Structure formats: structure tokens, C-alpha cells
Amino acid sequence: MRNRILWILSFFLLFFNCFSFPVTVYAEPEIETPHAAVMEVSTGTLLYEKDADTPVHPASVTKVMTILLIFEAIEKGEISLTDEVTTSAYAKSMGGSQVFLETGEVQTVETLLKCIIIASGNDAAVTMAEAISGTEEAFVERMNAKAAELGMENTHFVDCCGLTEASEHYTSARDVAIMSRELLYRYPEVTEYSDIWMEDITHVTSQGSSVFTLSNTNKLLRSYDGCDGLKTGSTSYAKYCLSATARRDGIRLVSVVLTAPDTKTRFAEAAELLSYGFSLCSMYYDEETPELSKIVVKGTIQNEFAVTVDGEFSYLSTTGEDFSLIEKSVEYMDDLQAPLEKGDTVGNYVYTIDGREIGRMPIVMAEAAPRAGYADYLNQAWEKWML
């Protein structure tokens with residue numbers, strides 16, 4: 001009897017060892033929204049798409065590009081956060097979402113950024129467009145040029161705020177993900193504004209001063225863990241749109257939904273897509289500083305020189321790989337010759353899992369390696385003779 005029990009137990013152990021059972025199976029969400037995409041920000045990896053290349057009107061999600069160009073102008077020194085900008089009569093005339101700027105009203109760039117990001121102010125968007133490019137039309141040309149630069153193949157802008165209900169003004173879920181990713185990756189400080197729930201601004205005009213409260217239109221800030229942006233949009237023409245971003249465990253995602261049937265569906269399905277994306281992702285960061293031996297460079301007196309890995313390595317996995325299996329190796333270029341400047345690439349630091357390469361980082365010179373001349377060799381010989 002005892003032998004029979006042992007035989008049965010052995011059989012079951014052998015059976016379960018012969019088969020691999022996944023711990024969790026994640027199914028793709030079935031959403032009502034016609035057009036959607038989910039992207040991981042650090043790598044630009046698209047994790048989910050649904051009819052993501054069809055051009056549709058994005059409503060105020062258009063302002064993601066406007067905000068991107070404002071931050072770019074700040075980076076280039078064209079404007080600064082503390083610069084004061086005057087509202088034109090044309091900017092004041094914008095309808096839709098607005099913060100009720102008056103003609104001649106002066107606000108700082110930072111205040112206008114908040115008006116655009118938090119409250120989706122069309123008047124603030126046009127005011128900034130005019131401040132940067134002179135006219136909204138010239139700014140829109142800049143928007144389209146940037147879209148082309150980013151590879152947004154199904155995008156064309158007519159205005160800077162998404163107010164115009166024109167068929168010539170369009171983008172796609174993939175393209176919104178691309179421009180949102182560019183904004184978040186290059187200017188992560190944008191979330192310091194997009195995460196604000198409410199804030200007061202002061203209108204100062206010739207008639208006096210008044211306080212206006214900016215209220216964030218992104219309801220996921222209060223209902224989805226890790227959400228800190230980015231931009232909503234809705235018109236009767238475009239229906240309900242959203243580019244939402246959230247960060248968890250060092251991973252930042254963008255979830256885009258366009259032409260959702262109602263606002264409840266917009267937020268619920270954007271959240272569902274974020275959760276799906278997070279369920280797929282795990283990120284490896286190499287937090288160890290590689291210890292690299294000095295390398296030999298021919299044609300120099302010093303002969304050996306210090307090198308270092310340029311940058312920090314990260315790897316996004318969507319298949320649940322075991323990061324403990326990651327191996328690192330060094331590859332140097334053959335026959336390194338002087339002169340070499342500090343920062344010159346001399347090899348690669350290579351990362352693999354089970355023999356499959358998952359990425360590499362450049363190995364660069366940590367110091368210059370000048371070419372030795374006749375006088376250098378003569379001096380070296382003299383020093384040796386004197387010893």
C-alpha cells in the first residue's frame with residue numbers, strides 16, 4: 001500500500017514538472033471606444049492599439065502639441081516661465097473652454113501654461129501661440145512641422161487648441177501617443193502642472209482684479225493610482241477624447257482614447273487600458289556601476305587609459321522575463337589607435353538573456369589619448385636611461 005502511494009505521488013510530481021502553467025493570463029481589453037493606444041514612455045513601445053491609425057478630430061487633446069512647443073521654446077531660450085505675455089483681442093474671442101482672459105491682460109508664461117494644462121483654456125493657448133510665433137497661423141505651421149519630425153503620419157493641425165470643427169484638423173490615437181510620449185519624455189516637469197487639481201489665478205485688467213479658479217478636467221487624477229496627467233478634450237464633433245498618463249513602479253504609460261461615446265466611457269476605458277499596460281510591463285534598471293579595466297591604445301606614451309559606460313541602461317519586458325538571468329559582457333573595437341578624445345566610443349557594454357541581446361550601452365573614453373610624437377618617445381627614452 002505504501003509503495004502504491006509513493007508511486008502515485010511520483011506520477012503527479014512528474015506530471016506537473018512536465019508542464020508549465022502561467023501564473024496569470026492577461027487578456028486584451030474589449031473597449032467601446034473606437035480608437036485607442038497605450039505606449040510606454042521611456043522606450044516608446046506600443047503595448048496596445050485599436051484602430052490607432054485612423055485620422056479623427058482630437059478636440060482639445062490638440063493642446064498636447066501646443067504644450068510641447070511651449071516647453072521647447074522655453075528650452076531654446078525663446079521665452080521663459082517668468083516672461084509676461086499680453087492677450088490680444090483675437091485670443092480673447094476664443095469660445096469653448098476658456099479662462100476668460102481680457103484684451104490687454106498680462107499674465108506670465110507659467111500662469112498661461114497652467115491655464116492650458118489644467119483648465120484647457122483656448123484663449124490661453126492662442127495667447128501663447130501668438131507670443132511664440134507672432135500669429136496662431138504661424139504657430140500651427142510649427143505644430144505641423146513638429147508632427148512631421150516626430151513621424152506622426154496621420155496628423156494635420158488647423159488651430160492650436162482643437163476648437164475648430166474642421167475635417168482638415170485631425171490626428172490618430174498612435175500619433176497622440178507619440179506626441180504625448182515626446183512631451184513626457186523630454187519635459188517630465190509637465191506633470192508638475194498636469195497633476196494640479198485646482199488653483200487660483202488673478203485677472204488684473206483696467207477694470208480691476210478678480211480671482212478665477214482653474215479646475216482640472218482630468219478626473220482620473222482623483223480615481224486612478226499613479227495618474228498625474230495629461231490632457232482631455234471633447235466637442236460634439238470629436239466626441240470625448242483623452243491622453244492619460246500614469247506612473248507606477250518606475251514605469252510611465254500613456255493611454256489614449258479618441259471619439260469615446262461619453263465622458264464616463266472615456267475615463268473608464270483609459271484607466272482600463274493603463275491597467276492592462278501595467279500588467280504587461282516590468283522594467284529592469286542596471287543600478288550597478290560597471291567596473292571596467294583600463295584599455296590599451298596604440299600610438300601613445302601612457303599606453304593604458306580609463307574608460308566608462310556612457311548613460312544608464314534600462315530594459316522594458318512585456319513577457320515576464322527573469323531579470324536575474326541577465327548577463328553582461330564587454331566588446332571593444334579592434335586595434336584602438338591614438339588620438340582619441342574624451343567621450344569617444346571605443347566599445348559596447350552588452351546585455352543578454354539566455355544568449356539573446358536585449359540592449360547595449362556605449363563604452364567611451366574617460367580621458368583623452370593623444371598621439372605620441374618623436375619628441376615624446378625621445379623624452380620617454382631619456383627618462384628610462386636616467387633611472
Side-chain angles (χ1 to χ4, degrees), residues 39-44 58-88 91 94 99 107-163 169-172 174-196 218 228-233 243-245 247 252-254 256 311:
M39 183 175 285
E40 194 278 325
V41 167
S42 70
T43 63
S60 280
V61 174
T62 298
K63 295 187 181 83
V64 171
M65 180 61 80
T66 300
I67 297 163
L68 171 59
L69 291 182
I70 293 171
F71 275 103
E72 192 173 80
I74 293 170
E75 182 182 41
K76 292 178 178 178
E78 297 175 12
I79 56 173
S80 71
L81 288 172
T82 56
D83 283 352
E84 294 185 333
V85 179
T86 303
T87 302
S88 69
M94 294 298 109
V99 293
Q107 295 286 359
T108 65
V109 168
E110 184 171 35
T111 297
L112 291 169
L113 255 180
K114 291 178 180 179
C115 292
I116 299 167
I117 297 171
I118 301 170
S120 196
N122 295 324
D123 45 0
V126 173
T127 298
M128 281 306 307
E130 293 176 335
I132 292 170
S133 298
T135 65
E136 183 184 16
E137 290 78 10
F139 186 81
V140 170
E141 288 180 9
R142 197 164 174 169
M143 293 170 69
N144 286 318
K146 190 66 179 181
E149 177 188 324
L150 294 176
M152 296 167 58
E153 298 178 353
N154 297 293
T155 296
H156 182 263
F157 297 113
V158 172
D159 64 43
C160 69
C161 53
L163 182 62
H169 186 96
Y170 56 82
T171 188
S172 67
R174 185 192 306 273
D175 286 358
V176 171
I178 289 172
M179 67 178 178
S180 299
R181 185 250 175 182
E182 180 76 0
L183 174 59
L184 291 159
Y185 186 74
R186 287 184 58 191
Y187 309 108
E189 62 269 28
V190 68
T191 59
E192 296 174 12
Y193 301 105
S194 61
D195 195 30
I196 297 171
N218 183 4
D228 53 7
L230 184 60
K231 192 71 201 71
T232 62
S243 177
T245 185
R247 182 178 175 88
R252 179 172 289 284
L253 301 182
V254 169
V256 177

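Hydrogens, waters and symmetry mates are skipped; everything else that's a heavy atom, side chains included, is used. This is a predicted model, so every value here is computed, not measured.
- Under the 4.5 Å side-chain criterion, counting only non-hydrogen atoms from C-beta, Gln107 is not in contact with Thr87.
- With sequence neighbours left out, Glu110 forms a side-chain contact (heavy atoms from CB on, under 4.5 Å) with Leu81, Thr108, Lys114, Tyr193.
- Remark: Thr86 engages Val106 in a side-chain contact (heavy atoms from CB on, under 4.5 Å) (not counting sequence neighbours).
- At a cut-off of 3.5 Å, with distance as the only test, no side-chain donor of Lys231 or Ser194 sits close to an acceptor on the other residue.
- Within the model, atoms OG1 of Thr155 and CG of Asp175 stand 3.5 Å from one another, a figure rounded to the nearest 0.5 Å.
- A donor-acceptor pair under 3.5 Å is formed between the side chain of Asp83 and the backbone N or O of Ser80.
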Compile the donor-acceptor pairs under 3.5 Å between side chains in residues 131-138 and protein atoms, sequence neighbours left out, one pair per line.
unit_1: Thr135; atom_1: OG1; unit_2: Ala138; atom_2: N; d: 3.0
unit_1: Glu136; atom_1: OE1; unit_2: Tyr90; atom_2: OH; d: 2.6
unit_1: Glu136; atom_1: OE2; unit_2: Cys160; atom_2: N; d: 3.1

Check against side chain to side chain contact (heavy atoms under 4.5 Å, CB included), Met39 and Val256: CA-CA 9 Å; Met39 183 175 285; Val256 177; over 6 Å; no
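- At least one donor-acceptor pair closer than 3.5 Å links the side chain of Arg181 to the backbone N or O of Ser42.
- Annotation: side chain of Val64 is in contact with side chain of Leu183 (closest heavy-atom distance under 4.5 Å).
- For Glu153, the salt bridge (charged side-chain N to carboxylate O under 4.0 Å, His left out) criterion is met by no residue, not counting sequence neighbours.
- Within the 3.5 Å criterion, the main-chain N or O of Cys161 finds a donor-acceptor partner in the side chain of Lys63.
- A search for ring-ring contact (aromatic ring centres under 6.0 Å, His included) contacts involving Tyr187 returns Phe71, not counting sequence neighbours.
- For Asp228, the side-chain contact (heavy atoms from CB on, under 4.5 Å) partners are Thr191, Asp195, Thr245, Arg252, not counting sequence neighbours.
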